[in-house]
Amino acid sequence: MQIKKSIITGGAGFIGLHLSKLLLKKKISTCVIDKISKSKFKNNYKFFDNKKLKFIKINLDKPIKKKLSNFSHVFHLAASLGVKNINKNPYKSFKNNLNSLLNLINNLKKNSPNCVLIYFSTSEVYSPLIQKKKIQIPTKENIDLLVNEKIINRDSYYLSKLIGEKIVQLSGLRFIILRPHNIYGPFMGYRHVISELIKRMNSKDKICKIYSPHHTRSFCYIDDAIEQIFKISTSKKSINQIINIGNSKDEIKIFNLAKMIKTIIKTNIKLRKGSITQGSPPRRVPDTKKVISISKLKTYTSLKTGIKKTAEWVQKKNYV
């Protein structure tokens, strides 16, 4: 299933950036849609001076006036995210994520009805089941999900993604639903635990408090995730499937992760265990049998190597 012409919404973000880079390397015509300005986009990402790349500034929260015609694959990454942002603006984030998806689908059904819509959901859809210990870990995709009766602001993100999955399934378009699990690496920003810890440990503070220290996560380096995404998107076996993206091998406690980062970046900062972050699931590990079966990718970047590469980016603050 060849990618002939692609769209990446939210293409100026972390995963979108790396996915764009791979598609352009493979000489695939790519249209990046984002709400930042074109000048800011080009200034940040110098390598995008490429004839096969087109950038369009669109706020997907509003009806899309431009016809998105004749695209074979549409990667929908655009979303309101980040725990602090979601907690501050739960309703706005919820509404933005659903409106963006609905507006995109409405346009595609008219102008690219034969495309494959690759919808990026989230591993957080499993959170209520994990919190209530009603789920097997590593977690498989083919399970019934749960919505708590009482919700907190943070839940607006996973709820928007869960409802988004159902909208995609009912859209009439061919689709692939991806549930990424703790992807990390250069250009990820500082809303993610690994880059945030590296930045905090590079500060002049003498103590670094580690929140939810005994919770565990399984981390996947960005290059491995992008390879998975590409292989899945070009396989007919993926059509109308829900697939975990990630690495089930590198599960680690957050406090042990902090100690590993401290050793790698060679800092004398003291680590202290902090409180549990509200809404944070105690454990999150994907079952990756499905993605391995489709992508045939079985080797992963080690956590130490991935952290080292991420730390180099954080410390240099460079751009591609």
Side-chain angles (χ1 to χ4, degrees), residues 1-34 36 38 41-42 44-56 68 71-79 81 112 115-122 175-189 192 194-195 219-239 241 243-247 286 288 290-302 305-306 309-310 312-313 318-320:
M1 190 169 63
Q2 185 180 2
I3 303 177
K4 297 177 181 178
K5 186 181 178 185
S6 68
I7 293 176
I8 304 176
T9 71
F14 169 50
I15 294 178
L17 164 70
H18 288 274
L19 180 58
S20 301
K21 193 173 181 180
L22 178 66
L23 294 179
L24 292 173
K25 185 179 179 180
K26 293 182 179 293
K27 299 181 179 180
I28 295 170
S29 179
T30 302
C31 175
V32 168
I33 291 176
D34 210 291
I36 70 170
K38 188 173 183 178
F41 179 75
K42 286 198 169 185
N44 284 354
Y45 308 121
K46 310 280 188 205
F47 75 86
F48 279 123
D49 186 15
N50 189 306
K51 292 181 180 179
K52 286 195 171 288
L53 175 80
K54 184 176 183 181
F55 177 85
I56 307 174
L68 305 176
F71 287 93
S72 66
H73 289 68
V74 178
F75 299 88
H76 184 50
L77 280 151
L81 43 77
S112 292
C115 74
V116 178
L117 174 60
I118 298 97
Y119 176 67
F120 285 74
S121 182
T122 175
F175 66 84
I176 304 168
I177 293 171
L178 304 180
R179 292 175 178 164
H181 284 67
N182 293 94
I183 313 302
Y184 74 100
F187 300 92
M188 68 193 302
H192 302 265
I194 288 179
S195 56
F219 294 94
C220 181
Y221 189 64
I222 184 63
D223 290 355
D224 303 329
I226 294 299
E227 280 295 322
Q228 288 181 346
I229 292 165
F230 182 79
K231 294 287 187 180
I232 286 169
S233 302
T234 53
S235 172
K236 291 182 180 179
K237 294 180 181 179
S238 305
I239 296 298
Q241 295 292 313
I243 304 170
N244 288 332
I245 298 294
N247 176 4
T288 54
K290 197 171 187 179
V291 67
I292 290 172
S293 173
I294 295 172
S295 70
K296 309 300 180 187
L297 299 172
K298 298 180 181 180
T299 59
Y300 297 89
T301 304
S302 72
T305 299
K309 290 181 178 181
T310 307
E312 288 172 355
W313 169 74
N318 62 338
Y319 293 97
V320 285

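- By the ring-ring contact (aromatic ring centres under 6.0 Å, His included) test, F71 is found to be paired with no residue, residues two or more places apart in sequence or in another chain being considered.
- Not counting sequence neighbours, T234 has no partner by the side chain to side chain donor-acceptor pair (under 3.5 Å) test.
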Decide yes or no on side chain to side chain contact (heavy atoms under 4.5 Å, CB included) for K21 and F187, but give the supporting numbers first.
-> CA-CA 13 Å; K21 193 173 181 180; F187 300 92; over 6 Å; no
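- Considering only residues two or more places apart in sequence or on other chains, F219 meets the ring-ring contact (aromatic ring centres under 6.0 Å, His included) condition with none of them.
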In sequence, state the C-alpha distance, the side-chain angles, and the governing distance for I56 and C31, and then conclude on side chain to side chain contact (heavy atoms under 4.5 Å, CB included).
-> CA-CA 7 Å; I56 307 174; C31 175; 3.5 Å; yes
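- To the nearest 0.5 Å, the span separating CG on L24 from CG on L53 amounts to 5.5 Å.
- Although no hydrogens or angles enter the test, the distance criterion places no donor-acceptor pair under 3.5 Å between the side chain of H73 and the main chain of L117.
- Proximity of a side-chain donor or acceptor of T305 to a complementary backbone N or O of T301 within less than 3.5 Å is not detected.
- For the pair S238 and I176, the tightest heavy-atom approach, listed with the atom from each and the gap, is O-CG1, 3.5 Å.
- With hydrogens and angles disregarded, a donor-acceptor distance shorter than 3.5 Å links the side chain of S195 to the backbone of G189.
- Not counting sequence neighbours, the partners of S72 by the side chain to side chain contact (heavy atoms under 4.5 Å, CB included) test are I3, K4.
- Expressed to the nearest 0.5 Å, how far CD1 of I7 lies from CG of L77 amounts to 12.5 Å.
- Ring planes of F120 and F75: tilted class, angle from 30 to 60°.
- The side chain to side chain donor-acceptor pair (under 3.5 Å) search around N182 returns none, not counting sequence neighbours.
- One finds the CD1 atom of I177 at 7.0 Å from the OG atom of S121 (value rounded to the nearest 0.5 Å).
- With values rounded to the nearest 0.5 angstrom, Y221 atom OH is found 7.5 Å from Y184 atom OH.
- Residues forming a side chain to side chain donor-acceptor pair (under 3.5 Å) with T30 (at least two apart in sequence, or on another chain): S6.
- Among all heavy-atom pairs drawn from D34 and A12, the shortest one is OD2-N, 3.0 Å.
- Between G11 and V32, the closest heavy-atom pair is CA-CG1, 3.6 Å.
- Under the ring-ring contact (aromatic ring centres under 6.0 Å, His included) criterion, H76 pairs with no residue, sequence neighbours left out.
- What you find for W313 and M188 is that their closest heavy atoms are CH2-N, 4.0 Å.
- Taking the six-membered ring for Trp, Y119 and F175 have ring centres at least 6.0 Å apart.
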For I15 and I222, what are the C-alpha separation, side-chain angles and deciding distance, and is it a side chain to side chain contact (heavy atoms under 4.5 Å, CB included)?
-> CA-CA 7 Å; I15 294 178; I222 184 63; 4.2 Å; yes
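- Heavy atoms only, all atoms of each residue included: N244 and H181 are closest at OD1-CE1, 3.4 Å.
- Every residue meeting the side chain to side chain contact (heavy atoms under 4.5 Å, CB included) condition with S295, not counting sequence neighbours, appears here in chain and number order: K231, V291, L297.
- With sequence neighbours excluded, no residue satisfies side chain to side chain contact (heavy atoms under 4.5 Å, CB included) with S293.
- The nearest pair of heavy atoms linking G10 to A78 is N-CB, 3.6 Å.
- Every residue meeting the side chain to side chain contact (heavy atoms under 4.5 Å, CB included) condition with L22, not counting sequence neighbours, appears here in chain and number order: K26, I226, E227, F230.
- Take K290 and apply the side chain to side chain donor-acceptor pair (under 3.5 Å) test, not counting sequence neighbours, and it matches Q241.
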Applying side chain to side chain contact (heavy atoms under 4.5 Å, CB included), run through I33 and I8 and close with a yes or a no.
-> CA-CA 6 Å; I33 291 176; I8 304 176; over 6 Å; no
